[in-house]
Amino acid sequence: MTVILGLEGTAWNLSAALVSEERVLSEMESTYEPKYGGIHPREAAQHHAAELKEVVSRALKGAEEKEAGFSLQDIDAIAFSQGPGMGPCLRTVATAARALALSLKIPLIGVNHCIAHIEIGRWRCGAKDPVVLYVSGANSQVLAYRAGRYRVLGETLDIGIGNALDKFARYLGLSHPGGPKIEERASRSTTYLHMPYVVKGMDLSFSGLTTAAKEAIEAHPDEQDAVCYSFQETAFAMLTEVTERAMAHCGNDELLLAGGVGANRRLQQMLRTMCEDRSGTFYVPENRFLKDNGSMIAYLGLLMLKSGVTTPLELSRVKPNYRPDEVEVTWRPEP
Ligand code: AMP
Ligand code: MG
């Protein structure tokens with residue numbers, strides 16, 4: 001049995017997990033909560049630095065309880081999120097990962113956070129070669145695997161859909177994270193107000209939508225639920241359109257949803273309907289594997305280690321703008 005310790009801390013959630021081939025042995029987390037406004041990168045990094053020892057110890061203890069005889073010496077490698085993410089957060093977690101790998105004398109594996117979302121989704125759902133819609137705070141991308149890489153077929157040209165929702169929620173005086181609160185309000189309305197629908201080829205833009213939603217609130221202060229509803233309907237229709245086109249281009253009937261915004265029931269419903277209309281299959285993992293989590297980092301670390309890939313110290317510098325298509329995929333046979 002190979003066991004990997006995975007460390008995730010690209011933004012506000014710090015998480016450590018131990019994963020083997022068959023299962024997640026344990027996972028623990030600690031979440032930074034901004035006192036007001038959005039995520040402050042330096043404050044989030046300080047949170048991670050203060051909590052790291054405790055979160056890792058709890059993860060180890062969890063594995064010991066689950067697996068009789070498990071100890072620190074059973075860990076085969078340390079995987080960490082090398083990017084994309086917030087520089088200060090990434091650096092804090094990478095420093096801890098290097099220290100652990102050096103002291104335990106085991107390999108270090110820098111993983112791409114976005115690909116970790118994809119691979120844990122494929123694992124948990126049993127999807128073979130899906131088109132992927134990855135929607136999180138900072139990212140919104142449609143991807144598919146071709147010839148050794150996850151290719152980005154379409155993406156946001158400005159902010160991620162999660163950030164767009166969070167910004168609008170903040171304007172409404174709602175605390176971070178705003179996505180679930182907007183979802184709740186949207187579910188109370190079916191009144192559609194016009195919103196800018198911006199799809200350019202395979203790419204999307206969300207910042208105009210946030211502005212338009214703020215203006216709609218100024219014009220109709222009593223229609224918050226209708227504005228939330230219209231915001232979601234527009235943004236999710238844009239995402240569904242681009243995703244469907246990617247599936248058609250690739251001749252691919254499987255869709256995997258990944259990332260924190262994937263928890264949204266309305267988005268799931270739209271994508272499921274689209275897949276059903278094409279006689280395709282829609283996959284979405286449990287919420288705990290949609291949001292940022294240490295298990296996905298450990299799991300991708302495991303796949304990489306088994307395919308012979310580790311990260312020498314001198315190449316372990318963090319990559320805040322790390323793109324998924326930079327990564328050579330060594331663990332997947334050609335479909
Ligand atoms: P991640 O960056 O993957 O950790 O995802 C965090 C983002 O997901 C934040 O922008 C949240 O507002 C958003 N989010 C979480 N749950 C929901 C939901 N139910 N609906 C919409 N957005 C959500
Ligand atoms: Mg993420």
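Ligands are counted one by one from 1 in listed order, and the atoms in each one are counted from 1 as well.
Taking atom 20 (N) of ligand 1 as the reference point, the nearest protein heavy-atom neighbour is Asn264 ND2, 3.0 Å. Protein heavy atom nearest atom 2 (O) of ligand 1, with residue, atom name and distance: Gly137 N, 3.0 Å. Nearest protein heavy-atom neighbour of atom 23 (C) of ligand 1: Gly179 CA, 3.7 Å. With respect to atom 3 (O) of ligand 1, the closest heavy atom belonging to the protein is Gly260 N, 2.9 Å. Nearest protein neighbour of atom 12 (O) of ligand 1, counting heavy atoms only, is Asp166 OD1, 2.6 Å.
Within the 3.5 Å criterion, the main-chain N or O of Asp222 finds no donor-acceptor partner in the side chain of His220. Of the possible polar contacts, one joining the Ser187 side chain to the Glu184 backbone as a donor-acceptor pair under 3.5 Å is found.
The ligand atoms of ligand 1 that sit less than 4.0 angstrom from a heavy atom of Glu183 are 18 (C), 19 (N), 20 (N). Atoms of ligand 1 found under 4.0 Å from any heavy atom of Gly162 (numbered from 1 in listed order, with element): 10 (O). Heavy-atom proximity to Ser136, at under 4.0 Å, picks out these atoms of ligand 1: 1 (P), 2 (O), 3 (O). For ligand 1, the atoms closer than 4.0 angstrom to any heavy atom of Pro177 are 11 (C), 12 (O).
No hydrogens or angles considered: a donor-acceptor pair under 3.5 Å links the side chains of His113 and Asp292. Using modelled atom types, one finds a donor on one side chain and an acceptor on the other under 3.5 Å when comparing Ser307 with Thr330.
Residue-level proximity to ligand 1 for Leu165 is carried by the side chain, the only part with a heavy atom below 4.0 angstrom. Under 4.0 Å from ligand 1, heavy atoms of Val261 appear from its side chain as well as its backbone.
Within the structure, the closest approach of Pro180 to ligand 1 falls below 4.0 Å when heavy atoms are considered.
With sequence neighbours excluded, no residue forms a salt bridge (Lys or Arg N to Asp or Glu O under 4.0 Å) with Glu276. For Arg272, the side-chain hydrogen bond (donor to acceptor under 3.5 Å, both in side chains) criterion is met by no residue, not counting sequence neighbours.
The number of protein N, O or S atoms lying under 2.8 Å from the Mg ion (ligand 2) is 3.
The number of heavy-atom neighbours closer than 6.0 Å to NZ of Lys66, taken from other residues, nucleotides and ligands shown, is above 12.
Note: Asp253 CG to Arg278 CZ = 6.5 Å, rounded to the nearest 0.5 Å.
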Without placing hydrogens or testing angles, list every side-chain donor-acceptor pair under 3.5 Å for residues 53-63, not counting sequence neighbours.
residue : atom : partner : partner atom : Å
Ser57   : OG   : Lys53   : O            : 2.6
Arg58   : NH2  : Glu29   : O            : 3.3

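Put simply, the residue from Asp129, Val132, Leu256 that forms a side-chain contact (heavy atoms from CB on, under 4.5 Å) with Arg122 is Leu256.
Ion pairing of Arg23 with Glu67 is present here, as a side-chain N (NZ or NE/NH1/NH2) and a carboxylate O approach within less than 4.0 Å.
Arg151 forms no cation-pi arrangement with Tyr145, by the criterion of a distance under 6.0 Å to the ring centre and an angle within 45° of the ring axis.
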